[in-house]
Asker: 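Got a structure for you, written out below as structure tokens; questions coming shortly.
A note on names: the letters A, B, ... follow the listed sequences, proteins ahead of strands, and every chain is numbered from 1.
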Amino acid sequence: EPEVTQTPSHQVTQMGQEVILRCVPISNHLYFYWYRQILGQKVEFLVSFYNNEISEKSEIFDDQFSVERPDGSNFTLKIRSTKLEDSAMYFCASSGIYNEQFFGPGTRLTVL
Amino acid sequence: AQSVTQPDIHITVSEGASLELRCNYSYGATPYLFWYVQSPGQGLQLLLKYFSGDTLVQGIKGFEAEFKRSQSSFNLRKPSVHWSDAAEYFCAVVPYSGGGADGLTFGKGTHLIIQP
């Protein structure tokens, strides 16, 4: 059964450093998403991506965040200068045309 | 803006007993509705979804949910829980837009504890 994969599973970084989180969506899906979940809190939408551009973004997705689909399979989230409050689980998701979103296992980001 | 309320933060159920997890949404029109389950340290697994049609939908692992438009609710049920059902359950909505790209709005989740 096709699934969304994410790497790495855990990333530890120093405050101010750049991180890139990687995702491989389900191959025939058209829409890609990033969400985050701060420990003990609900899952929050960050951004959606379609046809090589951002479709929608939340107020959380400020200028320090960017997304890219560098090739036909990968979808990345970059955080330019990490802050302590960026520590969270980051989930990638993908969907077909009916917005049935399938999630990856997540990347736990720890900012020290 | 749409919102999702899961009024129960924790629910404890005995193994073999029935379960109902509540979800209410606030939105101007009927959205698409989802239930996801998250086991400790794991990602989110889609249990079931409602797009249109029959208001009682069946999902994986023996779960079902009923959409009640008049109550803006989408409660999740299971007739007999198993110890492996212990997890965090999230209700989520997305606007009905006829296509993708809209982000899901999640509730805060209900933590299900199963007593032996």
Asker: State yes or no: do A/I20 and A/L109 share one hydrophobic cluster built from I, L, V, M, F, W and Y residues joined by side-chain heavy-atom distances below 4.5 Å, directly or via other members?
Answerer: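 A/I20 and A/L109: separate clusters.
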Asker: From B/L46 CG over to A/E100 CD, what is the distance, rounded to the nearest 0.5 angstrom?
Answerer: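 One gets 5.5 Å once the value is rounded to the nearest 0.5 Å.
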Asker: Any chain of hydrophobic side-chain contacts (each under 4.5 Å) joining A/Y33 to A/V67?
Answerer: no
Asker: For residues A/F49 and A/F102: do they belong to one hydrophobic cluster (side chain heavy atoms under 4.5 Å, members Ile, Leu, Val, Met, Phe, Trp, Tyr)?
Answerer: no
Asker: Considering residues, nucleotides and ligands other than A/E85, do more than 12 of their heavy atoms fall under 6.0 Å from its CD?
Answerer: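 Enclosed.
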Asker: Looking only at atom types and distance, does a side-chain atom of A/N99 sit under 3.5 Å from a main-chain N or O of B/D102, one as donor and one as acceptor?
Answerer: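 Side chain of A/N99 to backbone of B/D102, a donor-acceptor pair under 3.5 Å: yes, one is there.
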Asker: Does any heavy atom of chain A fall under 4.5 Å from the side chain of B/Q38, the backbone, both, or neither of them?
Answerer: side chain
Asker: Between CD of A/E44 and OG1 of B/T105, what distance do you get to the nearest 0.5 Å?
Answerer: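 Rounded to the nearest 0.5 Å, the CD-OG1 separation comes to 10.5 Å.
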Asker: Could you tell me which portion of A/Y35 (side chain, backbone, both or neither) has an atom closer than 4.5 angstrom to a non-hydrogen atom of chain B?
Answerer: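 Looking at A/Y35, just its side chain touches chain B.
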Asker: Answer yes or no: is there a donor N or O on one side and an acceptor on the other, between the side chain of B/Y36 and the main chain of A/F103, under 3.5 Å?
Answerer: no
Asker: Could you see if B/L56 belongs to whatever hydrophobic cluster contains B/L48? Use Ile, Leu, Val, Met, Phe, Trp, Tyr and a side-chain cutoff under 4.5 Å.
Answerer: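 No, separate clusters.
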Asker: Mind checking whether B/Y89 and B/Y50 sit in one hydrophobic cluster, side chains of I, L, V, M, F, W, Y counted as touching below 4.5 Å?
Answerer: yes
Asker: What is the minimum heavy-atom distance between A/Q37 and B/F90, and which atoms define it?
Answerer: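 Heavy atoms only, the tightest pair is NE2-CZ, 3.5 Å.
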Asker: Drop me the distance from B/Q42's CD to A/M89's CE, to the nearest 0.5 angstrom.
Answerer: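 Those atoms lie 8.5 Å apart.
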Asker: Around atom CG of A/L39, are there more than 12 heavy atoms from other residues, nucleotides or ligands closer than 6.0 Å?
Answerer: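 For A/L39, atom CG is not crowded (no more than 12 foreign heavy atoms under 6.0 Å).
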Asker: Would you give the length of the straight line joining atom CD of A/Q101 to atom NZ of B/K49, rounded to the nearest 0.5 angstrom?
Answerer: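 So the gap between those two atoms works out to 12.5 Å.
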